[in-house]
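Below, all heavy atoms of this structure are taken into account, side chains as well, without hydrogens, waters or symmetry copies. The sequence lines fix the lettering, A, B, ..., with proteins before strands; numbering per chain opens at 1.
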Protein chains: 2
Amino acid sequence: MAKKSAVGRSSKPSLKDVAKLANVSVMTVSNVINGRMARVGDEVAARVREAVRELNYRPQRSGRSLRLQKEFALGLTVLHPDRRFLDDPYITQVAAGMSNFLATIGYSLMVNGLRNLKALDTLMERSFGYDGFAVMVSGEREQRVQVYKKLAQLKLPMVVIQDAPPPDLPEVSSVCQDDGVGAGMLVERLIDKRAKRILFAASRQVWPAMERRAAAAVAAAGKRARIDHLSCSEDDFELSIRQIETWLRSHPNTDAVMGGNDQLGLAAMQAAERCGLSVPSELMVTGYNAFLFQKFSKPTLCSVSSPAYEIGQEVSKMLIDLINGDGGEARHLLMPVSVVDGGSIG
Amino acid sequence: MAKKSAVGRSSKPSLKDVAKLANVSVMTVSNVINGRMARVGDEVAARVREAVRELNYRPQRSGRSLRLQKEFALGLTVLHPDRRFLDDPYITQVAAGMSNFLATIGYSLMVNGLRNLKALDTLMERSFGYDGFAVMVSGEREQRVQVYKKLAQLKLPMVVIQDAPPPDLPEVSSVCQDDGVGAGMLVERLIDKRAKRILFAASRQVWPAMERRAAAAVAAAGKRARIDHLSCSEDDFELSIRQIETWLRSHPNTDAVMGGNDQLGLAAMQAAERCGLSVPSELMVTGYNAFLFQKFSKPTLCSVSSPAYEIGQEVSKMLIDLINGDGGEARHLLMPVSVVDGGSIG
DNA sequence: CTGTTAGCGCATTCAA
DNA sequence: TTGAATGCGCTAACAG
């Protein structure tokens with residue numbers, strides 16, 4: 001008497017069930033399902049399709065994955081201390097871009113929020129359900145590098161979003177938007193309008209892209225204008241306003257505030273109002289990324305449009321190429337940006 | 001000579017590789033990995049762990065899934081015509097709540113945006129990588145019901161978010177926030193402040209929750225106040241403002257505008273300003289859901305706090321229970337809400 | 001054109 | 001305490 005494994009067969013129908021009902025072999029069913037019609041006669045195919053419909057059969061991913069050694073999914077991993085890691089519209093747009101692109105090729109998107117390095121360790125001990133992943137990391141450069149190195153140990157195709165991979169990981173690709181140019185264009189506009197002293201208001205939680213924007217602003221200003229820096233609480237909007245307000249009161253010769261993103265730009269608008277400064281005549285304000293918020297103020301915020309959605313698409317394409325072995329060298333994509341006009345600079 | 005299958009073994013290490021290196025059987029490795037220490041000697045366990053580290057072994061999900069007939073993942077499916085289906089902060093919070101809860105039990109979250117019914121058909125033909133899913137659907141009730149019925153054919157655990165499942169699907173659970181109470185409380189406040197005529201500004205893209213808010217407002221007002229309705233373009237903020245502005249100009253006796261969400265509340269604030277109406281003395285304004293936006297206006301928007309994040313967590317728990325067979329009857333959870341004060345009603 | 005065989009990685013069962 | 005056998009659902013390769 002043969003030994004019996006105790007694995008209950010799935011309640012879901014399998015190829016075998018369909019094959020039995022249609023009176024064909026499992027391979028024939030597989031061929032029909034996967035559109036290999038050259039290998040199946042029309043009449044048989046019809047019978048198979050009928051059986052599929054009758055049983056409400058749908059291929060099971062785990063079997064296919066095991067056989068083909070592919071998970072047919074990509075991951076999006078975000079390292080951010082706030083539990084609402086998905087709240088940032090930037091991340092949201094990247095996720096939508098990835099999900100929509102992947103849907104066209106039968107892949108899925110798995111999202112992962114990690115609040116700290118410990119969560120990363122936990123994640124890494126587990127098995128993964130994807131063939132490659134994109135990663136967005138907040139925090140200081142040193143910590144970010146640590147994260148990238150750790151993730152690289154997974155030996156999975158990986159693309160870094162909005163940051164430069166560390167130099168000792170030459171095989172890792174990246175996609176960034178051209179924030180150097182974006183911030184530079186904003187500074188030019190402000191200087192054109194005779195700004196001599198500009199405050200760059202960043203979020204306290206460091207994002208690499210915001211650091212780049214700040215650095216680019218300084219570089220673009222050169223000796224023509226002075227750029228000050230302030231880091232503001234990110235999750236407490238009221239606090240951000242007060243921090244900028246305090247700064248404006250103690251530095252009354254400030255001509256403009258550049259927000260590291262649109263939220264901070266909006267905070268600056270309100271800070272100006274509390275100081276009795278009219279925008280743009282007495283204080284100019286800019287934002288960055290121009291998602292939903294950009295139009296929420298009056299006058300509307302001058303900002304820079306972000307290709308975050310397109311970044312999601314490009315990242316996905318790069319990962320798919322890497323998975324299929326068409327990757328070649330690591331690529332570093334720089335997506336163009338453009339200024340979105342708004343009354344906040346006149 | 002034995003036939004050889006052409007399936008290349010994975011480049012990733014498997015239990016077999018670890019077993020060979022540690023000079024034990026695969027089962028011993030499996031037992032160590034899964035913490036079944038009662039079945040393994042300490043010395044052997046240490047040897048296994050060393051081998052695991054050396055090979056950088058991580059269990060492969062596909063094998064485990066196939067064996068246990070579980071995918072260890074849940075899905076979040078959103079039906080919304082905009083490609084930026086994830087942009088709404090509501091969805092974002094639900095996703096974060098799900099993802100964070102699932103991370104604690106070793107599950108993953110897969111997100112799916114569907115722009116129309118055709119995309120739904122495409123999705124349904126494919127194999128799934130999850131054991132159950134939550135669904136948020138926009139559109140008219142009739143279309144929504146059609147979607148729920150179709151999805152129910154998957155025979156997977158399913159929970160509807162922010163809508164009532166159709167009566168002929170008694171096995172489907174749901175989670176809603178108590179928008180009847182929320183909208184009612186807002187109306188009470190407005191009537192307390194002597195509002196007689198109130199405009200409810202909804203988005204043109206129908207969401208069931210917004211319909212409920214509108215209906216609850218009418219019910220709460222009774223004969224004490226008149227509730228008018230306006231549907232506004234959702235993605236074009238400037239257009240929303242103009243639509244509300246037009247309405248206010250032609251109905252000067254309006255006392256208050258209730259926005260179906262905070263974006264619409266903000267649009268109403270700007271429309272008021274364009275009409276020269278001061279808020280709240282000449283026109284009161286409320287929003288709904290109180291995510292990021294609520295504080296963006298001056299005065300801040302009176303709104304209703306949404307437990308969207310908690311909904312994400314509850315939905316996940318319900319789905320996990322259903323998957324584990326602890327489900328019992330269909331449950332219909334109603335999450336409490338509370339009013340968030342703001343200067344926009346005085 | 002259709003069927004048979006084999007094995008992907010894992011965990012349950014039973015034997016040693 | 002450890003090992004061997006078995007099969008979950010699927011598809012490449014080959015045989016008929």
Do any side-chain nitrogens or oxygens of [X] fall under 4.0 Å of OP1 or OP2 in [N]?
X	N	result
Thr28(A)	dC1(C)	no
Ser25(B)	dA4(D)	no
Arg64(B)	dA11(C)	yes

Base, sugar-phosphate, or nothing: which does [X] touch, judged by heavy atoms less than 4.0 Å apart?
X	value
Arg39(A)	base
Asn31(B)	nothing
Val44(A)	sugar-phosphate
Ser62(B)	nothing

To the nearest Å, give me how far apart [atom1] ([X]) and [atom2] ([N]) are.
X	N	atom1	atom2	answer
Arg36(B)	dC10(C)	CZ	P	13 Å
Gln60(B)	dA11(C)	CD	C1'	15 Å
Lys20(B)	dG9(C)	NZ	P	11 Å
Leu68(A)	dA6(C)	CG	P	20 Å
Lys70(A)	dT11(D)	NZ	C1'	14 Å
Arg67(B)	dT6(D)	CZ	C1'	8 Å
Leu66(A)	dA12(D)	CG	C1'	14 Å
Lys16(A)	dA6(C)	NZ	C1'	14 Å

Atom pairs and distances, donor-acceptor, side-chain atoms in residues 16-24 of chain A, under 3.5 Å, two or more places apart:
from: Asp17(A); atom 1: OD2; to: Arg9(A); atom 2: NH2; distance (Å): 3.3
from: Asp17(A); atom 1: OD2; to: Ser14(A); atom 2: N; distance (Å): 2.7
from: Asp17(A); atom 1: OD2; to: Ser14(A); atom 2: OG; distance (Å): 3.4

Exercise for the section: Kindly determine whether Tyr90(A) and Gln162(A) satisfy side chain to side chain donor-acceptor pair (under 3.5 Å), including the steps that lead there. Expected result: CA-CA 10 Å; Tyr90(A) 199 97; Gln162(A) 284 285 63; 2.9 Å; yes
Considering only side-chain heavy atoms of [X], which listed nucleotide, [options], is closest?
X	options	answer
Val24(A)	dA12(D), dG3(C), dG9(C)	dG3(C)
Met27(B)	dT12(C), dC8(D), dG9(D)	dT12(C)
Leu15(A)	dT11(D), dG9(C), dA11(C)	dT11(D)

Handout entry: Donor + acceptor pair across side chains of Thr92(A), Thr92(B) (<3.5 Å)
Key = yes
Practice task
Cation-pi check, Arg115(A) to Phe85(A): give yes when NZ or CZ is under 6.0 Å from the six-membered ring centre and within 45° of the ring axis, no otherwise.
Solution key: no
Let me check something: any side-chain donor-acceptor pairs from residues 313-331 of chain B under 3.5 Å, sequence neighbours excluded? List them with distances.
from: Ser316(B); atom 1: OG; to: Gly312(B); atom 2: O; distance (Å): 2.7
from: Asn324(B); atom 1: OD1; to: Lys70(B); atom 2: NZ; distance (Å): 3.1
from: Asn324(B); atom 1: ND2; to: Ile320(B); atom 2: O; distance (Å): 3.4

